[in-house]
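Since this is a predicted model, take the numbers as computed values, not measurements.
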Amino acid sequence: MLEQRGNLRSKIKHLMEECKSMREMKQIHSQIITSPNLTITDQHYLITRFLFFCAFSDLGSFSYATDVFRLVNTPNLYMYNIMIRANAAKTNAANNTQPSCWSLLLYKQMIRHGIAPDCLTFPFLLKECTRRVYGHVGMNLHGQVIKLGLYNDIFVHNSLISFYSACGFLSRARKLFDEMFDRDVVSWNTMIIGYMRGGNLEGALDLFWKMEERSIFTWNSIITGFVQGGRAKEALEFFHEMQNLSSNSVKPDKITIASVLSACAYLGAIDHGKWVHSYLRRSGLECDVVIGTALVDMYGKCGRVDRAYEVFIDMPKKDTLAWTAMISSFALHGYGKEAFDTFKEMEAVGVKPNHVTFVGLLSACAHSGLVENGRWCFKIMRHVYLIEPQVYHYACMVDILSRAGLFEEAERLIRSMPMEPDVFVWGALLGGCQMHGNVELGERVAQYLVDLEPTNHAFYVNLCDIYAKAYRFDDVKRVRALMKERGIKKEVPGCSMIEVDGVVKEFSVRGSPDVMMTELIWVLNGLRNEMKIKCNTQNAIFMEIQTL
């Protein structure tokens with residue numbers, strides 16, 4: 001009899017492993033709950049396996065798993081862990097009808113029923129708290145972890161570090177990290193990402209260099225973090241360091257390539273970008289929609305719109321971001337007609353634009369002087385695609401109107417905004433005033449911006465430029481005197497970057513440590529002297545011609 005029951009349990013377990021649809025799974029469920037030859041222990045075991053399939057398999061049904069779980073009279077720890085994990089993972093799913101914090105409610109129910117959680121319970125609960133920034137709840141769970149003696153479990157410890165760093169408690173996260181007896185690569189990566197999220201690039205870098213073993217996730221985190229932190233040149237250096245130092249087991253993946261291409265786009269490093277593109281072909285990595293979009297963006301921002309378009313055309317699959325990248329590339333270089341032709345193609349193939357797409361289109365209108373197209377874009381965005389204009393859309397539209405000298409319409413648009421205009425909206429209007437010499441309006445807008453941000457040097461400089469173009473030099477002196485009185489000066493020096501033999505060089509008015517300034521000045525002086533000689537020679541020839 002026992003052998004018969006064991007065979008039945010094994011048979012049902014095998015059927016579940018071979019199951020290909022929810023219809024078959026429901027038949028198996030019916031057999032589990034109706035079979036008289038299964039013990040309660042066997043039923044619980046099989047129901048646990050059944051819940052796991054329904055909750056996590058692509059062929060399963062989360063809602064059905066929830067219904068089954070509710071019918072179990074005495075769920076065990078394994079069942080609770082499955083449902084807590086499933087709810088934490090599927091909180092944002094469209095077909096999830098459970099309350100947003102149902103995993104936490106399940107945890108409370110489990111405690112009330114006298115079932116003690118284990119080290120598999122807390123990581124998913126903390127994941128839920130991390131996503132929803134439930135600071136106090138997460139801290140209470142931390143107390144439960146200590147109380148239950150699970151504090152030294154590495155998975156729980158890593159989850160706590162992730163929770164504290166994501167919620168902005170970096171000092172607590174670092175304290176937990178320092179207290180760990182055993183750390184794995186996930187511990188280091190989690191703390192590094194925490195520093196990155198908090199904008200502490202130096203803290204992340206300090207840990208990065210202390211790591212004895214770095215995974216591809218580690219390298220991707222540091223490269224992506226430095227790109228997003230505005231230090232793209234260093235991100236490229238990390239990429240080359242990764243190739244030089246890493247073992248054969250750590251090779252760039254799609255995330256690495258996408259991040260490096262973003263760094264090239266930021267720096268305008270076209271030679272680096274071309275090399276990465278060729279590396280992509282040699283490495284055998286699939287050029288999917290993410291990589292393709294990054295290539296389009298890189299070539300576009302580096303001025304090679306033709307290459308961007310070639311990559312775009314060759315992409316077998318294009319999503320909204322890919323179309324938007326191509327439209328933005330055209331817009332950046334003043335190809336307004338091409339941007340709108342691309343948008344029409346996008347509509348024709350049924351790809352729906354997003355709010356960034358319309359930023360690209362409106363920018364194209366501004367750079368190409370397409371006022372009517374801009375009005376049309378602004379209209380269909382709201383009435384056709386039901387995208388409510390945000391403050392940056394208004395800034396683009398004000399820029400279009402201001403560049404065209406339509407100041408009354410621009411002011412009406414600003415007054416109609418449902419939100420408070422920001423400095424970019426007013427800045428766009430001020431730029432138009434500079435361009436067209438509208439002193440009266442420019443003076444008023446500049447004064448408003450100065451009152452709004454009294455320490456921003458840009459508005460004073462813009463006002464000086466407007467006065468200078470109107471030959472009101474006394475007002476220029478007055479504004480400069482006001483800047484001096486308030487101690488306002490340009491804090492960040494102007495700088496340029498140029499790529500020489502694959503190396504990005506930075507030039508600044510304050511000097512550049514990686515550029516041989518003495519030799520550079522020597523070359524410039526030589527060029528100046530040569531130009532003087534040629535100019536004098538041309539003048540002499542001109543004088544001889546006049547005497548003929």
Side-chain angles (χ1 to χ4, degrees), residues 92-95 288-290 292-297 299-301 305 308-309 311-429 431-432:
N92 296 325
N95 62 346
D288 60 8
V289 67
V290 176
T293 302
L295 283 167
V296 170
D297 182 63
Y299 279 123
K301 287 179 178 175
V305 185
Y309 191 65
V311 173
F312 178 75
I313 290 299
D314 289 340
M315 290 175 66
K317 183 181 178 183
K318 305 177 186 76
D319 61 5
T320 299
L321 296 179
W323 286 95
T324 299
M326 193 65 247
I327 289 169
S328 299
S329 295
F330 281 132
L332 183 63
H333 298 283
Y335 295 108
K337 180 181 180 301
E338 289 79 1
F340 275 89
D341 289 343
T342 305
F343 177 67
K344 289 174 183 176
E345 289 180 42
M346 180 182 182
E347 287 185 308
V349 298
V351 179
K352 188 176 179 181
N354 62 15
H355 62 102
V356 183
T357 313
F358 284 102
V359 171
L361 288 170
L362 291 169
S363 297
C365 295
H367 291 133
S368 305
L370 304 174
V371 178
E372 283 303 321
N373 291 60
R375 292 184 180 124
W376 175 79
C377 271
F378 205 74
K379 182 178 180 181
I380 68 161
M381 177 174 62
R382 173 181 287 171
H383 299 293
V384 176
Y385 291 102
L386 305 178
I387 298 173
E388 281 300 314
Q390 300 301 308
V391 67
Y392 39 84
H393 296 114
Y394 280 100
C396 289
M397 196 64 213
V398 170
D399 190 32
I400 293 169
L401 297 172
S402 300
R403 285 172 184 257
L406 301 172
F407 296 110
E408 289 185 8
E409 185 177 349
E411 285 191 275
R412 283 199 303 271
L413 181 65
I414 293 173
R415 285 194 294 269
S416 71
M417 288 176 63
M419 73 285 291
E420 190 71 24
D422 64 5
V423 292
F424 297 104
V425 175
W426 291 112
L429 185 59

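By the 4.5 Å heavy-atom criterion applied to side chains, Lys301 and Ser329 are not counted as neighbours. Side-chain atoms of Val425 and Met417, non-hydrogen and from C-beta on, do get closer than 4.5 Å to each other. Between Pro353 and Phe343 there is a side-chain heavy-atom pair separated by less than 4.5 Å. Glu338 has its side chain out of reach of His333: every pair of non-hydrogen atoms, C-beta onward, lies at least 4.5 Å apart. Taking the side chain as every heavy atom from C-beta outward, Ser328 and Thr324 approach each other to under 4.5 Å. When side chains are defined from C-beta on, Pro421 does not count as touching Val391, because their heavy atoms never get closer than 4.5 Å. Met346 is not listed as a side-chain neighbour of Thr342, based on a closest heavy-atom distance of 4.5 Å or more. Put simply, the side chain of Leu429 reaches to within 4.5 Å of the side chain of Ile414, judged on heavy atoms.
The minimum heavy-atom distance between Val289 and Lys317, with the atom names listed, is CG2-O, 3.7 Å. Ala428 and Val398 make their closest contact through CB-CG1, 4.0 Å (heavy atoms, listed as atom of the first residue, atom of the second, distance). Shortest non-hydrogen contact noted between Met397 and Leu362 is SD-CD2, 4.1 Å. Scanning both residues, Cys365 and Gly374, for their nearest heavy atoms gives SG-N, 3.4 Å. Closest non-hydrogen pair, Met419 versus Pro389, comes out as CE-O, 3.7 Å. Across Ile400 and Leu370, no two heavy atoms sit closer than the pair CG2-O, 4.4 Å.
Atom CZ of Phe407 sits in a crowded spot, with more than 12 heavy atoms from other residues, nucleotides or ligands closer than 6.0 Å. For Phe424, the CZ atom sits in a loose shell: 12 or fewer heavy atoms of surrounding residues, nucleotides or ligands are nearer than 6.0 Å.
The cationic atom of Lys318 (NZ for Lys, CZ for Arg) lies less than 6.0 Å from the six-membered ring centre of Phe312 and within 45° of the ring axis.
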For the pair Ser363 and Val359, evaluate side-chain contact (heavy atoms from CB on, under 4.5 Å) and give the outcome as yes or no after the intermediate values. CA-CA 6 Å; Ser363 297; Val359 171; 4.2 Å; yes
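Once rounded to the nearest 0.5 Å, the distance linking OG of Ser368 with CZ of Arg403 reads 9.5 Å. Atom NE2 of His367 sits about 7.0 Å away from atom CG of Leu332, to the nearest 0.5 Å.
The aromatic rings of Phe340 and Trp376 lie tilted to each other, with the angle between the two planes from 30° to 60°. Ring orientation note: the planes of Phe330 and Tyr309 are tilted relative to one another, at an angle of 30° to 60°.
A side chain to side chain contact (heavy atoms under 4.5 Å, CB included) with Met326 is found for exactly one of Val305, Val311, Thr293, namely Val305.
Side chain of His383 to main chain of Ile380: no donor-acceptor pair is present (N/O by atom type, distance under 3.5 Å, no hydrogens or angles). Of the possible polar contacts, none joining the Ser402 side chain to the Gly432 backbone as a donor-acceptor pair under 3.5 Å is found. Between the Ser416 side chain and the Leu413 main chain, a donor and an acceptor come within less than 3.5 Å of each other. With hydrogens and angles ignored, the 3.5 Å screen pairs no side-chain donor or acceptor of Glu408 with any backbone N or O of Leu406.
Remark: Lys344 does not engage Glu347 in a salt bridge, criterion side-chain N to carboxylate O under 4.0 Å.
For Phe378 and Tyr394, the gap between ring centers is short of 6.0 Å.
Tyr392 and His355 share a donor-acceptor pair across their side chains, judged by distance under 3.5 Å alone. Side chains of Asn354 and Thr357: a donor on one and an acceptor on the other come within 3.5 Å.
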